[in-house]
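Within every chain, numbering begins at 1; the chains are lettered A, B, ... in the order of the sequence lines, protein sequences first and strands thereafter.
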Amino acid sequence: MTPALHHETTFAVECRQVSKRYGQSQALHNLSLSLPQGCSIGILGPNGSGKSTLFRLLMGLTQPDSGHLAVLGRKPSWQTNRHIAYLPDRARWYGGDTVRDAFRYAERLLPGFSRDVALNLADIMEIPLGMKVAGMSRGQEARLMIMVCVARDVPLMILDEPFSGIDLLSRERIIECLIHQMSRREVTMLVSTHELHEAEPLFDHAVFLNRGELLLSGNADDLRAQHGSLERMMRSLYT
Amino acid sequence: MEERRVGSLRFRIDFSQPIYEQIVQQFQSSVVKGEIERGAKIPSVRELAQALHVTPNTVMHAYQEMERSGLTETRRGQGTFITSSQEQIEQLRSKLAAVAVREFLQKMNDLGYSGQEIFRLIQDEERDESL
């Protein structure tokens with residue numbers, strides 16, 4: 001990790017009038033956003049609101065039709081990606097691997113991955129190291145995927161729907177794990193979810209998207225003072 | 001809303017209100033009630049964030065607020081401590097009392113009671129309690 005990269009920019013993510021269309025569907029429409037560094041940000045909205053598209057644009061996996069975007073002060077590219085731990089939606093790991101194999105692989109291939117941190121996380125998350133991925137529940141595999149991301153010492157983490165389709169216990173373990181990491185070092189976290197529940201206290205900042213457009217963005221406690229819980233805001237914004 | 005314990009401290013966090021404010025309020029009330037002693041060390045930002053399952057930034061915001069108001073003091077390298085000044089704590093107690101009275105009077109006014117009537121109701125209530 002290059003410290004210089006960290007100090008040059010004040011925003012972890014900046015979008016200016018970003019639009020992206022897939023065929024007939026407008027995935028993002030004129031999205032302008034500035035997301036602060038060093039805090040955790042909830043990217044909130046129902047399915048199809050543009051959350052995954054935003055993340056794919058930030059990772060340079062797809063290009064905007066128009067507009068500008070910067071991640072960690074730079075144009076998205078594979079060079080910038082080494083500073084980002086990205087968990088795609090519905091990510092899976094190779095079935096034949098054990099947790100230990102996965103960590104060995106991650107150590108060789110993912111910049112900033114620390115095996116010691118990962119081993120500690122596996123303990124917190126209650127995932128046995130000898131367990132095979134093929135024998136895992138969906139929640140256990142999700143926990144493994146989160147660990148592989150979180151064990152990287154990078155300035156930005158992007159987690160796409162890490163809680164969806166996972167049992168309550170796994171959700172709680174993941175939230176504990178994320179808070180644990182946030183209190184160990186400075187990191188910016190972007191986490192998308194279409195349902196808040198127990199993830200509500202995980203966010204310092206909330207961004208509400210709908211059909212590719214920005215509805216509202218702000219400090220979570222300021223929003224609570226004005227509108228009540230984020231979960232309540234979600235219910236009233238999208239119905 | 002669930003209750004979380006951190007050492008001898010108990011916290012209830014309600015997501016419909018700013019979280020940092022609730023942390024401040026719960027420290028204030030614990031100090032005024034004497035549940036935390038003057039000069040006592042309070043958990044680090046990290047410990048409290050992990051115990052309450054809230055972000056470290058939220059706890060930091062609460063701690064900054066408590067320091068600004070004089071409820072706590074940070075000693076470099078040692079951590080954060082409740083003020084050792086009895087005067088500070090008395091001031092806080094009076095301030096919380098003033099807020100409680102204002103809220104009570106507001107409610108009574110909303111119900112249509114005047115000053116004299118409120119005063120009489122309090123006296124009646126006190127007499128009933130002492131029976």
Open item on the list: Test: salt bridge (charged side-chain N to carboxylate O under 4.0 Å, His left out). Region: residues 45-55 of chain A. Which pairs qualify, not counting sequence neighbours?
Closed with: Lys51(A)-Glu161(A)
TODO: Please flag which part of Pro56(B) lies under 4.5 Å from any non-hydrogen atom of chain A: side chain, backbone, both or neither.
DONE: side chain
Open item on the list: Quick check on Phe119(B): does its CZ atom have over 12 non-hydrogen neighbours (other residues, nucleotides or ligands) under 6.0 Å away?
Closed with: no
Cross-chain donor-acceptor list, chain A x chain B, under 3.5 angstrom:
from, atom 1, to, atom 2, distance (Å)
Gly38(A), O, Asn57(B), ND2, 3.0
His180(A), ND1, Gln50(B), NE2, 3.4
Ser183(A), OG, Gln50(B), NE2, 3.0
Asp204(A), OD1, Thr55(B), OG1, 2.4
Asp204(A), OD2, Asn57(B), ND2, 2.8
Asp221(A), OD1, Ile19(B), N, 2.7
Asp221(A), OD2, Ile19(B), N, 3.4
Asp221(A), OD2, Tyr20(B), N, 3.0
Arg224(A), NE, Phe15(B), O, 3.2

